[in-house]
Engineer: 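This is the structure I have questions about; it appears just below.
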Amino acid sequence: MEANRNSAWWDIAPPLCQALAPIDPIRGQQNLNDVWEGEVLVLDGPHANTVQRSVFKRHTHPGKLPVEMACTLVAGALGNDVPMPCLVQARAQDLPGLPQQPAGQGDLLLFGCAYIQQDRFFEQLSTLADSTLDGAVWNHFCGDAPKAAKAAALDELITNWDRHPRNLRFDGTRWWLIDHDNSLRETEGKVLSEMEAGFKAHTNWVAGQLLERRRGDHGMPDAARLAAARQQQILALSAKINTQWRNNDPRISNIWQHTADLVGLISRRLPMLQALLGERIGVQPAPSLQWPSTPQQPPAPS
């Protein structure tokens, strides 16, 4: 799939696609899920019957797919560069390395997104140790302070603790934000409509890097203010997903319902975003809001 087929892709239900063999596994020490890349046939929407290249993953927990979908949609609506998402159907026998599945299960339903071709220089760096990759990625990424500040505001909003350099991808022109399934961990096992929206992110990796490299001109307060101003847009997106995104497959209908609820929760966090990010980047941040030198998984929710 092309990264962005139109300027407002997040306002249209992501297409359903069929994975086409052969499919290649993506291997790496950071992959917590099974991840593949390959061509997919778009089955519905304005680009039906076209073949595109996609990356798709099988989440270790079924609730992670709506989380990744919701965060990707919100990220795009707030002006971040994220690959256009899709849902991918795939036969278990076509997915190399997939553990044995129960007989008669049918096609798996996976989160997919447009394939981003990595810039050759950063592609070569990605084969090296993290210590070598980290400095190069963060120096380059933070060189565009407005874009990085927008990413910092997003990660504070969706409580994404996992923005390590391998979850940033440079195509030679733009940096793309990928992998959001470790966001909103605070929602696990909770009734979203009953949750208080002011929970705090455990870490914000981009904010820490910006403060280190652009302390005088990072622009994060402005990025948080501009994001918060779009609350009504995000609330409208939640309502649209809830009322208009329909599918005869109950699995997909359930994904859209959960995605709508998550987007609604994120919209309720937007008025608090300036305060949350401001506390983090203050001269003496509260201990609970400090960031580590490397991404760390937050404590399991109680």
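A quick note: this is a predicted structure, and the numbers were derived from the prediction, not measured. Worth knowing before you read on, the calculation uses all heavy atoms, side chains too, and leaves out hydrogens, waters and symmetry mates.
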Engineer: In the structure I gave you, are the side-chain heavy atoms of P96 and I23 within less than 4.5 Å of one another anywhere?
Structural biologist: yes
Engineer: Does either side chain, that of D171 or that of W176, offer a donor lying less than 3.5 Å from an acceptor on the other one?
Structural biologist: yes
Engineer: As an exercise, state the distance from CD of E68 to CG of L65, rounded to the nearest 0.5 Å.
Structural biologist: 7.5 Å
Engineer: Report yes or no: does R214 contribute a side-chain atom to a donor-acceptor pair with the main-chain N or O of G143 at less than 3.5 Å?
Structural biologist: yes
Engineer: Do the side chains of D181 and K64 get close enough for a salt bridge, i.e. N-O under 4.0 angstrom?
Structural biologist: no
Engineer: Given 3.5 Å as the limit, does a donor-acceptor pair link the side chain of N182 with the main chain of W161, or not?
Structural biologist: no
Engineer: Assess the side chains of E186 and T159: does a donor N or O sit below 3.5 Å from an acceptor N or O?
Structural biologist: yes
Engineer: Do you see a donor-acceptor pair shorter than 3.5 Å between the side chains of N167 and H164?
Structural biologist: yes
Engineer: If you compare all heavy atoms of L78 against all heavy atoms of K150, which two are closest, and at what distance to 0.1 Å?
Structural biologist: O-CD, 3.7 Å
Engineer: Would you call K57 and D179 a salt bridge, taking side-chain N to carboxylate O under 4.0 Å as the test?
Structural biologist: yes
Engineer: Sub-3.5 Å donor-acceptor pair from the side chain of R225 to the main-chain atoms of Q274, do we have one?
Structural biologist: no
Engineer: Once you round to the nearest 0.5 Å, how far does SG of C71 lie from CG of L157?
Structural biologist: 8.0 Å
Engineer: So is R269 actually on top of F199's ring, under 6.0 Å and inside 45° of the axis?
Structural biologist: yes
Engineer: To the closest 0.5 Å, what do you measure between CG (L125) and CG (D119)?
Structural biologist: 9.0 Å
Engineer: Would you name the heavy atoms of W9 and T72 that are closest together and state the gap between them?
Structural biologist: CH2-O, 3.7 Å
Engineer: Under 4.0 Å between a side-chain nitrogen and a carboxylate oxygen: does that hold for R268 and E196?
Structural biologist: no
Engineer: Working to the nearest 0.5 angstrom, can you tell me the gap between R280 CZ and D155 CG?
Structural biologist: 9.5 Å
Engineer: If you round to the nearest 0.5 Å, how far is CD of E279 from NZ of K200?
Structural biologist: 4.0 Å
